[in-house]
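Notes follow once the structure below has been shown.
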Amino acid sequence: MTAAALQVTTRPDRPLSGDPQPPHRLHPSLYVAELVGTLLLVALGLSTIIALWGTGGPFASLPLAPGTRRFLNGLLFGSTGAALAYSPLGRVSDCHINPAMTFAFWLEGRLRWRDASCYVAAQLLGGALGAVCLLAWGQTGASLHWGATVPARQLPLLYAIAGEVVSTFLLVALIFISASNRRSQPFTPLVTPPLFAILSWCEGPVSGASANPARSFGPELVGWMWSDWWVYWLGPLIGAALAVAFVRYEVLGPHRPFQARLFHFGHHGGTMRKQSGS
């Protein structure tokens with residue numbers, strides 16, 4: 001074995017820093033964690049929406065104004081994502097649980113294309129399986145189309161696209177800014193509850209404030225609702241790309257994350273195993 005080959009095999013495997021070793025290595029444990037995390041986000045997060053809005057839902061009869069109800073369901077959905085980021089699943093893969101977030105970290109060079117592609121595939125499968133779990137809600141879930149995101153019919157479709165762009169831009173930019181500052185790193189996952197509460201309150205009626213293609217994909221698949229599905233890919237991917245450009249050009253100063261993480265910074269995640277050297 002040459003000295004160069006020995007150096008490659010002995011370097012630490014850091015896929016969430018954009019440095020997998022060997023460079024072609026895949027990380028199945030990370031992908032499984034993303035699958036399970038996205039499954040839980042969709043199953044639990046959308047269950048809160050069905051419970052609040054679905055016909056016959058346990059909290060549908062609460063005397064809440066529509067704006068207040070949207071604020072509450074956004075807060076609960078965002079809290080589900082934050083809890084997953086803090087959880088042991090987050091320690092393994094960081095629980096991006098969102099193709100737009102993974103796309104942003106890939107653009108920033110913190111994730112190689114092999115890992116990023118497998119992350120997205122796992123997230124979509126997790127979103128689909130999570131939506132299958134929502135079938136347990138029966139007619140209550142069906143009355144809300146299993147929590148599907150749908151553009152406002154009374155507005156031009158461009159409004160929904162713009163809403164998804166802005167929602168995802170804010171999500172990625174705020175997480176990158178928080179994750180790049182050592183003082184705010186421990187609180188990075190806490191960005192999502194208030195952000196989604198505000199987005200659901202003010203932007204929800206326009207596009208549903210998804211900002212997550214996997215979250216939208218699951219209910220689309222289960223309810224077979226493919227009209228305007230591309231809005232929930234185009235908007236989030238553009239928003240994520242704009243957020244990366246915003247951070248890269250240091251509009252508000254240097255805020256580039258050094259790892260593809262929201263929490264558990266510096267943890268080895270699911271990469272501690274014997275190196276093969278091949």
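Position 1 is the first residue of the sequence, and the numbers go up from there. Remember, it's a predicted structure, so these values are computed and weren't measured experimentally. What's counted below: heavy atoms across the whole structure, side chains too, no hydrogens, waters or symmetry copies.
- Taking 4.5 Å as the limit, every side-chain heavy atom of V132 sits out of range of all side-chain heavy atoms of W146.
- Taking every heavy atom of both residues into account, S210 and R215 meet most closely at OG-CD, 3.5 Å.
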Given the rule in the side-chain contact (heavy atoms from CB on, under 4.5 Å) test, do V206 and L155 qualify, once you have shown the distances and angles that lead to the verdict?
CA-CA 8 Å; V206 178; L155 296 173; 4.3 Å; yes
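- Checked by atom type and distance alone, the side chain of R110 never pairs as donor or acceptor with a backbone atom of A260 at under 3.5 Å.
- At a threshold of 4.5 Å between non-hydrogen side-chain atoms, the residues L35 and V32 do not count as touching.
- Between the CG atom of L89 and the CD1 atom of I97 there is a distance of 9.0 Å, given to the nearest 0.5 Å.
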Give the intermediate values and the outcome of ring-ring contact (aromatic ring centres under 6.0 Å, His included) for residues F105 and F176.
CA-CA 9 Å; F105 279 123; F176 271 29; 5.0 Å; yes
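- Cluster membership check: W233 shares its hydrophobic cluster with L171, using side-chain heavy-atom separations under 4.5 Å among Ile, Leu, Val, Met, Phe, Trp and Tyr.
- Remark: side-chain polar atoms of T168 are not paired, donor with acceptor, to backbone N or O of V165 under 3.5 angstrom.
- Annotation for A209 and F196: closest pair O-CE2, 3.7 Å, computed over non-hydrogen atoms.
- The 12-atom threshold is not exceeded at CD of Q139, counting heavy atoms of other residues, nucleotides or ligands nearer than 6.0 Å.
- Checked by atom type, the side-chain pair Q123/T38 shows no donor-acceptor distance below 3.5 Å.
- Note: R11 CZ to Q21 CD = 4.0 Å, rounded to the nearest 0.5 Å.
- When all heavy atoms are compared, the tightest approach of R69 to F59 is NH1-O, 3.0 Å.
- Rounded to the nearest 0.5 Å, atoms CZ (R261) and CD1 (I175) are 14.0 Å apart.
- Under a hydrophobic-cluster definition in which Ile, Leu, Val, Met, Phe, Trp and Tyr are linked whenever side-chain heavy atoms come within less than 4.5 Å, directly or via other members, L144 and F77 are assigned to the same cluster.
- No donor-acceptor pair under 3.5 Å is formed between the side chain of R112 and the backbone N or O of W106.
- Going from atom CG of N73 over to atom CD1 of I50 covers 11.0 Å, rounded to the nearest 0.5 Å.
- Connection of F71 to V191 is not established within any shared hydrophobic cluster, with ILVMFWY side chains joined at heavy-atom distances below 4.5 Å, either directly or through further cluster members.
- Counting heavy atoms of neighbouring residues, nucleotides and ligands inside a 6.0 Å radius, atom OH of Y159 does not exceed 12 of them.
- Side-chain contact between P15 and R114 is absent, with no heavy atoms from C-beta onward closer than 4.5 Å.
- For the pair Y86 (side chain) and A82 (backbone), a donor-acceptor distance under 3.5 Å is absent.
- Looking at L242 and I238, their side chains come closer than 4.5 Å, going by heavy atoms from C-beta outward.
- Separation of atoms CG (L124) and CD (E34) is listed at 11.0 Å; rounding is to 0.5 Å.
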Test side-chain contact (heavy atoms from CB on, under 4.5 Å) applied to Y31 and L26, step by step
CA-CA 9 Å; Y31 316 146; L26 296 176; 3.6 Å; yes
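- In this structure, F265 and F258 have tilted ring planes: the angle between them lies in the 30° to 60° band.
- A donor-acceptor pair under 3.5 Å is absent between the side-chain atoms of T68 and the main chain of L64, judged by distance alone.
- E203 and S207 form a side-chain donor-acceptor contact under 3.5 Å, judged by distance and modelled atom types alone.
- Using a 4.5 Å heavy-atom threshold, the side chains of V222 and L134 count as separate.
- Applying the 6.0 Å contact sphere to CH2 of W137 captures more than 12 heavy atoms from other residues, nucleotides or ligands.
- For the 3.5 Å distance criterion, the side chains of Y232 and N212 fail to qualify, holding no donor opposite an acceptor.
- Counted by atom type alone, W229 and S216 present zero donor-acceptor pairs between their side chains at under 3.5 Å.
- Put simply, F246 and L174 are part of the same group of oily side chains (I, L, V, M, F, W, Y) that touch within less than 4.5 Å, one to the next.
- Put simply, W113 and V120 are part of the same group of oily side chains (I, L, V, M, F, W, Y) that touch within less than 4.5 Å, one to the next.
- Heavy atoms only, all atoms of each residue included: A243 and A173 are closest at CB-N, 3.8 Å.
- The shortest non-hydrogen separation linking H27 to P20 is CE1-CB, 3.8 Å.
- Using cut-offs of 30° and 60° for the angle between ring planes, the F217 and W226 rings count as tilted.
- Here the OG atom belonging to S184 is positioned 11.0 Å from the CG atom belonging to L190, to the nearest 0.5 angstrom.
- Here the shortest heavy-atom pairing between C95 and L84 reads SG-O, 3.6 Å.
- Judged by distance alone, the side chains of T188 and S178 do bring a donor and an acceptor atom under 3.5 Å apart.
- Side-chain contact annotation: H264 with D94, donor-acceptor N/O pair under 3.5 Å absent.
- Not a single donor-acceptor pair under 3.5 Å links the side chain of D19 to the backbone N or O of D13.
- Between the side chain of Q259 and the backbone N or O of S17 there is no donor-acceptor pair closer than 3.5 Å.
- At a threshold of 4.5 Å between non-hydrogen side-chain atoms, the residues L111 and H96 count as touching.
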So L44 and T48, side-chain contact (heavy atoms from CB on, under 4.5 Å) or not? Walk me through it.
CA-CA 7 Å; L44 300 178; T48 64; over 6 Å; no
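- Using a distance-only test at 3.5 Å, with no hydrogens or angles considered, a donor-acceptor pair links the side chain of T271 to the main chain of H268.
- In this structure, R153 places its CZ atom where more than 12 heavy-atom neighbours from other residues, nucleotides or ligands lie under 6.0 Å away.
- Checking side-chain atoms of S143 against main-chain N and O of T55 turns up a donor-acceptor pair under 3.5 Å.
- The side-chain heavy atoms of P213 and N98, taken from C-beta on, include a pair separated by under 4.5 Å.
- Annotation: side chain of L107 is in contact with side chain of F103 (closest heavy-atom distance under 4.5 Å).
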